[in-house]
Amino acid sequence: MSDARSEALGWLSTFEAACRGQDFAAGRRLFAPDAVAFGTYATAVHGLDNIEREQWRQIWPRIRDFTLDRNASVRAAGDAAWIAAGWSSEATAPDGRPFRRPGRATFVLERRGGRWLAVHSHVSLLPSQSDEVHGRRS
């Protein structure tokens, strides 16, 4: 395994731990101040302060057992890398029953000052195949 791939997978594991532990400070250490994020909860968020407030603080306290796929796709070249991985977590439905939340994530990393930082993330639930989301066929 290349050093960059190994480092990117280490980054992914550290992000997973930050999310699971609701450790916002640890999450912030993994992202560039000028990062842009897409998600299921917040459509598009610019800047780390906004990512934490509008995405992480809205989702992380609601979920449990956030787990990223260990077979993530990783590519790196020079000071840039990307990671694509599936994930799952558990949440509680309005009726009190737990349910699984499968999703997918993409992270674009840039090496800055010798550290890998996310400059873009897209973490969202798997798309629905329902007519309510896509409309009916004519």
Side-chain angles (χ1 to χ4, degrees):
M1 183 181 316
S2 75
D3 287 344
R5 176 177 167 71
S6 177
E7 291 170 3
L9 289 172
W11 183 98
L12 193 66
S13 178
T14 303
F15 180 76
E16 177 186 88
C19 182
R20 288 175 78 105
Q22 298 181 42
D23 187 343
F24 301 106
R28 291 180 67 88
R29 288 190 294 274
L30 298 170
F31 277 70
D34 57 340
V36 176
F38 298 156
T40 302
Y41 192 88
T43 305
V45 185
H46 299 265
L48 182 52
D49 291 340
N50 296 325
I51 293 168
E52 179 184 346
R53 183 181 62 251
E54 296 176 31
Q55 183 68 31
W56 299 349
R57 288 194 178 270
Q58 303 307 313
I59 299 298
W60 294 6
R62 299 173 190 240
I63 63 173
R64 298 174 297 282
D65 300 327
F66 179 75
T67 304
L68 286 152
D69 183 357
R70 297 293 179 245
N71 294 315
S73 294
V74 178
R75 299 291 183 274
D79 289 334
W82 61 262
I83 304 167
W87 58 265
S88 68
S89 66
E90 185 176 276
T92 303
D95 66 4
R97 287 187 290 182
F99 67 97
R100 296 301 304 159
R101 302 174 67 248
R104 66 228 172 132
T106 305
F107 299 97
V108 177
L109 307 180
E110 184 177 296
R111 195 181 338 245
R112 294 185 181 177
R115 296 181 338 151
W116 288 106
L117 298 176
V119 294
H120 175 68
S121 69
H122 183 161
V123 180
S124 59
L125 294 167
L126 287 179
S128 170
Q129 302 302 316
S130 72
D131 289 345
E132 290 80 22
V133 173
H134 297 288
R136 321 182 268 134
R137 291 184 186 264
S138 300

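The analysis underlying the following values was restricted to heavy atoms, covering all of them including side chains, and did not include hydrogens, waters or symmetry mates.
Residues passing the ring pair (Phe, Tyr, Trp, His ring centres under 6.0 Å) test with H122, sequence neighbours excluded: F38. Legend: residues meeting salt bridge (charged side-chain N to carboxylate O under 4.0 Å, His left out) with D23, ordered by chain and number and at least two apart, are absent.
Taking all atoms of both residues into account, the shortest heavy-atom contact from A35 to A118 is CB-O, 3.5 Å. Here the shortest heavy-atom pairing between A18 and A26 reads CB-CB, 3.9 Å.
For residues 6-17, every residue pair satisfying the salt bridge (Lys or Arg N to Asp or Glu O under 4.0 Å) rule, not counting sequence neighbours, is listed here: E7-R111, E16-R70. Counting only residues at least two apart or in different chains, ring pair (Phe, Tyr, Trp, His ring centres under 6.0 Å) contacts with residues 82-117 comprise W11-F107, F15-F107, F66-W87.
For the pair T67/R20, a side-chain contact is recorded, criterion being any heavy-atom separation below 4.5 Å from C-beta on. Between T40 and Q55 the shortest side-chain heavy-atom distance does not fall below 4.5 Å. Side-chain contact between S89 and I59 is absent, with no heavy-atom pair separated by less than 4.5 Å. A 4.5 Å side-chain heavy-atom check between R97 and T92 finds every atom pair outside the cut-off.
Atoms CD and NE2, on E110 and H120 in that order, are 13.5 Å from each other to the nearest 0.5 Å. Rounded to the nearest 0.5 Å, atoms OG1 (T106) and CD1 (I83) are 9.5 Å apart. Atom CZ in R64 sits 10.5 Å away from atom CD in Q22 (nearest 0.5 Å).
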R28 vs D49, salt bridge (Lys or Arg N to Asp or Glu O under 4.0 Å): CA-CA, chis, key distance, verdict: CA-CA 9 Å; R28 291 180 67 88; D49 291 340; 2.7 Å; yes
Would you sort out whether C19 and I63 count as a side-chain contact (heavy atoms from CB on, under 4.5 Å), showing the intermediate values? CA-CA 9 Å; C19 182; I63 63 173; 4.0 Å; yes
Chi angles and distances behind the side-chain contact (heavy atoms from CB on, under 4.5 Å) call for R101, L125: CA-CA 7 Å; R101 302 174 67 248; L125 294 167; 3.6 Å; yes
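The hydrophobic side chain of L117 is isolated, with no ILVMFWY side chain under 4.5 Å apart from it. Alongside L126, the hydrophobic cluster contains no other residue (criterion: ILVMFWY side chains under 4.5 Å).
Judged by distance alone, with hydrogens and angles left aside, the side-chain atoms of R115 form a donor-acceptor pair with the main-chain N or O of R29 at under 3.5 Å.
V119 and I51 fall into different hydrophobic clusters, where Ile, Leu, Val, Met, Phe, Trp and Tyr side chains are chained together by heavy-atom contacts under 4.5 Å. The cluster map of Ile, Leu, Val, Met, Phe, Trp and Tyr, joined by side-chain heavy atoms under 4.5 Å apart, puts F24 and L48 in the same cluster. Connection of L109 to L9 is established within a shared hydrophobic cluster, with ILVMFWY side chains joined at heavy-atom distances below 4.5 Å, either directly or through further cluster members.
Surrounding CZ of R100 are more than 12 heavy atoms belonging to other residues, nucleotides or ligands, all under 6.0 Å away.
Between W56 and Y41, the ring centre distance reaches or exceeds 6.0 Å.
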